[in-house]
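For reference, the structure is listed below as structure tokens.
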Amino acid sequence: MNINIPSNWLFPSSLEEASEIQQHLADRVRLVDDFGTVDLLGGMDVSNNLQDPKQMVYASAVLIDKESLKLQAQASAAQQQTFPYIPGFLAFRETPALIEAFQKLPKRPSIILVDGHGISHPRRLGIASHIGVLLDIPTIGVAKSILVGKPEGILGEAVGSHVPLIWKKQPIATILRTKRNCNPLIISAGHRITLETAIEIVMHSLAGYRLPEPTRQAHIAANARRRLS
């Protein structure tokens with residue numbers, strides 16, 4: 001797949017430019033259901049070691065059949081990071097390798113679940129939203145910890161229990177219980193999807209694990225790629 005992305009959207013020259021790009025891309029995010037029939041779900045994740053002197057990022061993109069939740073294809077990429085680890089700017093560290101992995105997939109998924117945040121981000125542009133705008137594809141943020149905001153209410157123990165995550169008096173994500181006796185996930189809309197639909201897709205994609213299958217399989221594939229190096 002050939003993708004035309006402005007270079008500085010992937011490789012900003014400074015933190016100031018990165019912040020400006022985030023604001024620019026955030027203005028392009030659309031939180032509406034904008035897709036047709038969903039047959040393939042994509043998953044994206046990276047694996048890395050912050051102590052690695054080479055600062056390599058190992059990325060994986062996978063395709064999952066929506067109905068069977070079976071793995072259909074996977075692709076990986078390894079790149080040396082060009083942007084430092086700075087909270088709130090994770091996308092500039094990980095996205096270049098993720099885009100490379102995505103381009104190696106044999107087909108384009110209908111929706112991508114990304115390990116990370118969507119609009120639940122200080123500038124409403126977490127990595128899921130960032131990738132969604134770059135690829136012009138519906139994306140869902142599947143994060144393991146809160147970046148900004150506070151839960152509104154107490155989360156139940158049953159699978160499917162959820163409470164809003166509120167920031168600046170606005171709901172920006174949902175804290176969702178995906179497996180009993182496990183920490184919940186933070187589900188947020190990334191791009192071209194509503195939060196309600198994002199929750200439905202995540203719940204549909206559970207196969208008895210804490211993580212939905214698209215990001216679980218991407219996590220496995222990214223770790224496997226790192227171990228090869």
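As the structure is a prediction and not an experimental result, all values here were calculated from the model. Throughout, residue positions are numbered sequentially from 1 according to the sequence presented.
- The CG atom of Leu69 lies 7.5 Å from the CG atom of Asp65; values are rounded to the nearest 0.5 Å.
- Here the straight-line distance linking atom CZ of Arg226 with atom CE of Met56 works out to 12.0 Å at 0.5 Å rounding.
- Of the possible donor and acceptor atoms, one in the side chain of Arg192 sits under 3.5 Å from a partner among the backbone N and O of Asp136.
- By the neighbour-count criterion of 12 heavy atoms within 6.0 Å, atom CZ of Phe11 is densely surrounded, having more than that number from other residues, nucleotides or ligands.
- Summarising the geometry, atom NE2 belonging to His204 is positioned 15.5 Å from atom CD1 belonging to Ile199; distances are rounded to the nearest 0.5 Å.
- When all heavy atoms of Ser76 and Lys104 are compared, the closest pair comes out as O-NZ, 2.9 Å.
- Proximity of a side-chain donor or acceptor of Gln55 to a complementary backbone N or O of Asn48 within less than 3.5 Å is not detected.
- Counting all heavy atoms, side chain and backbone alike, Ala101 lies closest to Ala59 at CB-O, 4.1 Å.
- Side-chain contact check for Thr82 versus Leu10: every heavy-atom pair is 4.5 Å or farther apart.
- Judged by distance alone, with hydrogens and angles left aside, the side-chain atoms of His219 form no donor-acceptor pair with the main-chain N or O of Pro214 at under 3.5 Å.
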Check step by step if side chain to side chain contact (heavy atoms under 4.5 Å, CB included) holds for Leu195 and Leu31. CA-CA 8 Å; Leu195 179 57; Leu31 303 180; over 6 Å; no

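- When atom types are taken as modelled, the side chain of Ser129 and the backbone of Gly190 share a donor-acceptor pair closer than 3.5 angstrom.
- The ring pair (Phe, Tyr, Trp, His ring centres under 6.0 Å) contacts involving residues 136-181 comprise nothing, where partners must be two or more places apart or lie in separate chains.
- In this structure, Arg123 is positioned above the aromatic face of Phe89, its NZ or CZ under 6.0 Å from the six-membered ring centre and within 45° of the axis.
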For side chain to side chain contact (heavy atoms under 4.5 Å, CB included), just list the numbers for Leu211 and Leu185, CA-CA rounded to whole Å, side-chain angles, deciding distance to a tenth of an Å, and then say yes or no. CA-CA 8 Å; Leu211 295 177; Leu185 298 175; 3.9 Å; yes

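- Enclosure of atom OH in Tyr209 is not indicated, since only 12 or fewer non-hydrogen atoms of other residues, nucleotides or ligands lie within 6.0 angstrom.
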Give the intermediate values and the outcome of ring-ring contact (aromatic ring centres under 6.0 Å, His included) for residues His130 and Trp9. CA-CA 9 Å; His130 196 129; Trp9 289 8; 8.2 Å; no

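- Panel note: side chain Gln80, backbone Lys54; a donor-acceptor pair is recorded below 3.5 Å.
- Distance alone, capped at 3.5 Å, places no donor-acceptor pair between the His117 side chain and the Ala143 backbone.
- Under the 4.5 Å side-chain heavy-atom criterion for grouping Ile, Leu, Val, Met, Phe, Trp and Tyr, Phe102 is connected to Phe92 within one hydrophobic cluster.
- Atoms CD1 and CZ, from Ile137 and Phe35 in turn, are 11.0 Å apart once rounded to the nearest 0.5 Å.
- Tracing side-chain contacts under 4.5 Å through hydrophobic residues (I, L, V, M, F, W, Y), one never reaches Leu135 starting from Val142; they form parts of separate clusters.
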Report the C-alpha separation of Arg177 and Glu157 in whole Å, then their side-chain angles, then the decisive distance to 0.1 Å, and conclude whether the salt bridge (charged side-chain N to carboxylate O under 4.0 Å, His left out) test is met. CA-CA 7 Å; Arg177 181 81 67 191; Glu157 291 298 323; 3.3 Å; yes

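- Formation of a donor-acceptor pair under 3.5 Å by the Thr194 side chain with backbone atoms of Val32 is not found in this model.
- Side-chain N/O atoms of Glu100 and Gln79 include a donor and acceptor closer than 3.5 Å.
- Checking Thr197 against Asp33 by side-chain atom types alone, a donor-acceptor pair falls below 3.5 Å.
- Under the 4.5 Å side-chain criterion, counting only non-hydrogen atoms from C-beta, Leu165 is not in contact with Pro171.
- Ser19 places no side-chain N or O within donor-acceptor distance of the main-chain N or O of Leu15, the cut-off being under 3.5 Å.
- Each of Ile166 and Val148 belongs to its own hydrophobic cluster when Ile, Leu, Val, Met, Phe, Trp and Tyr are linked at side-chain heavy-atom distances under 4.5 angstrom.
- When side chains are defined from C-beta on, Leu71 does not count as touching Leu63, because their heavy atoms never get closer than 4.5 Å.
- Checking Asn8 against Ser13 by side-chain atom types alone, no donor-acceptor pair falls below 3.5 Å.
- Thr139 has its side chain out of reach of Ile111: every pair of non-hydrogen atoms, C-beta onward, lies at least 4.5 Å apart.
- The minimum heavy-atom distance linking Asn223 with Ser47 is given by the pair OD1-OG, 2.7 Å.
- Rounding to the nearest 0.5 Å places OG1 of Thr174 at 10.5 Å from CD of Glu152.
- Between the Ser188 side chain and the Ala173 main chain, no donor and acceptor come within less than 3.5 Å of each other.
- Arg216 is not listed as a side-chain neighbour of Asp45, based on a closest heavy-atom distance of 4.5 Å or more.
- Linking ILVMFWY residues whenever their side-chain heavy atoms come closer than 4.5 Å, directly or via other members, places Leu155 and Ile146 in the same cluster.
- Put simply, Ile127 and Val29 are part of the same group of oily side chains (I, L, V, M, F, W, Y) that touch within less than 4.5 Å, one to the next.
- Scanning both residues, Leu98 and Ser60, for their nearest heavy atoms gives CD2-O, 3.8 Å.
- Annotation: Lys144, atom NZ; neighbour count of heavy atoms from other residues, nucleotides and ligands within 6.0 Å is above 12.
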Just do the side chain to side chain contact (heavy atoms under 4.5 Å, CB included) check on Ile140 and Ile187 with the steps written out, would you? CA-CA 7 Å; Ile140 299 170; Ile187 308 302; 4.0 Å; yes

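- Judged by distance alone, the side chain of Thr178 and the main-chain N or O of Arg210 form a donor-acceptor pair under 3.5 Å.
- Using modelled atom types and a 3.5 Å distance limit, the side chains of Asp115 and Thr215 yield no donor-acceptor pair.
- When Arg30, Arg28, His24 are each tested for a side-chain contact (heavy atoms from CB on, under 4.5 Å) with Val133, only one passes: Arg28.
- Summarising the geometry of Gly160 relative to Leu176, their closest heavy-atom pair is O-CD1, 3.8 Å, with the distance given to 0.1 Å.
- Looking only at side-chain heavy atoms (C-beta outward), Lys107 and Gln72 stay at 4.5 Å or farther from each other.
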Determine, step by step, whether Ile64 and Leu40 satisfy the side chain to side chain contact (heavy atoms under 4.5 Å, CB included) criterion, reporting the C-alpha distance in whole Å, the side-chain angles of both residues, the deciding distance to 0.1 Å, and the verdict. CA-CA 6 Å; Ile64 301 288; Leu40 287 174; over 6 Å; no

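- To the nearest 0.5 angstrom, Ile201 atom CD1 is 5.5 Å from Ile193 atom CD1.
- Nearest heavy atoms, Ile154 versus Val163: O-CG1, 3.7 Å.
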